[in-house]
Amino acid sequence: MNIRRERLLKEMGLAPIWRLRMGNEQDDAAPREQAAEPEARPPQGREAKIARMDWNELKQAVADCRACRLCEQRKQAVLGVGDIRPDWLLVGEGPGAEEDEKGEPFVGQAGRLLDNMLAAIGLKRGRKVYIANAVKCRPPGNRTPEAEEMATCFPFLQRQIELLAPKLIVALGRPAAQTLLKSEVKIAAARGRLFDCQGAPLVVTYHPAYLLRNLPDKAKAWEDMCFARSTMRRLTQPA
Ligand code: SF4
């Protein structure tokens with residue numbers, strides 16, 4: 001995180017950036033001050049190769065990937081869609097049937113709701129906004145991706161985040177939040193808080209597909225998007 005952004009977050013009363021810790025704490029969802037972490041080891045093998053990819057190499061590698069069993073029933077891998085110089089990165093769970101068919105995340109009913117959520121805070125898919133998923137291939141029957149599948153796919157998302165360098169990340173739903181924060185997350189407890197993801201502030205909200213089944217929670221998602229918008233404004237306003 002650059003110094004200016006860190007200073008702005010401090011002024012907003014949002015610093016230090018919070019980060020969930022791995023472990024068996026009583027309330028895994030409660031954000032805690034970032035703990036001193038052991039020195040990171042350099043990634044090995046496949047992970048290291050992905051970490052060096054440029055955008056075109058990443059696209060090709062995802063299209064060709066057979067690293068987990070989600071490749072078996074996909075029509076195509078879905079890397080993501082949108083502005084590759086985004087302010088905003090939204091991350092969902094995984095492609096559904098229509099996404100698998102069209103090669104684009106968040107199409108269909110959940111996608112329309114996401115577009116409405118974006119429009120409500122003055123955003124539009126593709127305009128300073130990039131949309132991706134935690135896994136790039138459709139889980140059969142639209143089941144939740146398994147932890148191992150998300151872990152296998154994570155280096156792609158990690159590299160995407162590095163290359164996109166968004167100013168703010170919105171995790172849509174629990175699987176996306178857990179993948180990005182590498183910890184157990186309860187959306188209800190994590191809402192309205194600011195986390196750190198690879199140096200970018202991250203907020204969580206509900207997945208649009210969940211909101212379609214739980215209409216009363218749409219108001220909470222609206223609050224979350226407003227929180228994200230106000231955070232972005234504070235981050236980008238002139239010093
Ligand atoms: Fe590869 Fe990710 Fe698709 Fe699994 S979900 S096959 S890791 S691109």
Side-chain angles (χ1 to χ4, degrees), residues 22 40-84 86 88-111 114 125-126 129-166 169-185 187 197-198 200 202 204 206-210:
M22 304 289 280
R41 281 184 304 155
Q44 306 288 324
R46 170 178 175 266
E47 215 181 311
K49 206 172 153 193
I50 293 171
R52 291 192 299 270
M53 286 177 179
D54 65 21
W55 191 254
N56 286 333
E57 289 168 335
L58 187 69
K59 265 163 80 174
Q60 196 57 53
V62 167
D64 297 341
C65 182
R66 304 195 67 80
C68 83
R69 63 183 178 158
L70 293 184
C71 70
E72 290 165 11
Q73 293 182 47
R74 74 175 179 215
K75 288 196 172 139
Q76 57 189 315
V78 182
L79 177 66
V81 68
D83 191 335
I84 60 166
W88 298 77
L89 170 63
L90 290 96
V91 181
E93 188 176 307
E98 287 181 76
E99 288 81 6
D100 184 47
E101 193 72 47
K102 292 186 179 160
E104 182 173 333
F106 285 97
V107 291
Q109 232 188 329
L114 181 63
R125 170 188 301 240
V129 175
Y130 192 91
I131 303 172
N133 276 313
V135 295
K136 312 304 185 195
C137 302
R138 181 195 176 199
N142 290 346
R143 65 166 169 78
T144 301
E146 290 173 5
E148 199 182 328
E149 293 158 352
M150 290 197 283
T152 307
C153 208
F154 182 68
F156 289 135
L157 180 59
Q158 191 171 27
R159 186 61 182 150
Q160 251 180 321
I161 295 171
E162 283 168 3
L163 292 169
L164 293 167
I169 300 172
V170 181
L172 301 164
R174 191 174 182 187
Q178 293 189 158
T179 298
L180 290 164
L181 296 173
K182 300 194 186 80
S183 183
E184 284 291 314
V185 175
I187 296 294
C197 177
Q198 297 180 218
L202 177 146
V204 306
Y206 297 101
H207 192 284
Y210 165 87

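Counting convention: from 1, in listed order, for ligands and their atoms alike. Residue numbers start at 1 and run along the sequence shown. These numbers were taken from a predicted model, which means no experiment stands behind them. Just the heavy atoms: all of them, side chains too, but no hydrogens, waters or symmetry mates, feed the values below.
R159 and E57 are not joined by a salt bridge, as no carboxylate oxygen comes within less than 4.0 angstrom of a charged side-chain nitrogen. Here R174 pairs with E184 in a salt bridge; the nearest charged N to carboxylate O distance falls below 4.0 Å. Classification of R69 and E146 as a salt-bridged pair holds, one side-chain N sitting under 4.0 Å from a carboxylate O.
The side-chain tip of R46 points at the ring of F156 from less than 6.0 angstrom away and within 45° of straight on.
The minimum heavy-atom distance between K75 and D100, with the atom names listed, is N-OD1, 2.8 Å.
Closest protein heavy atom to atom 4 (Fe) of ligand 1: C68 SG, 2.3 Å.
The contact set between ligand 1 and K136, taken as ligand atoms under 4.0 Å from a residue heavy atom, comprises 5 (S), 8 (S). The atoms of ligand 1 that sit less than 4.0 Å from any heavy atom of C65 are 1 (Fe), 6 (S), 7 (S), 8 (S). Within ligand 1, counting atoms from 1 as listed, the ones closer than 4.0 Å to a heavy atom of C71 are 6 (S).
One of the N, O or S atoms belonging to C137 lies under 2.8 Å away from atom 3 (Fe) of ligand 1. Using a cut-off of 2.8 Å, one finds that C153 contributes an N/O/S atom close to atom 2 (Fe) of ligand 1.
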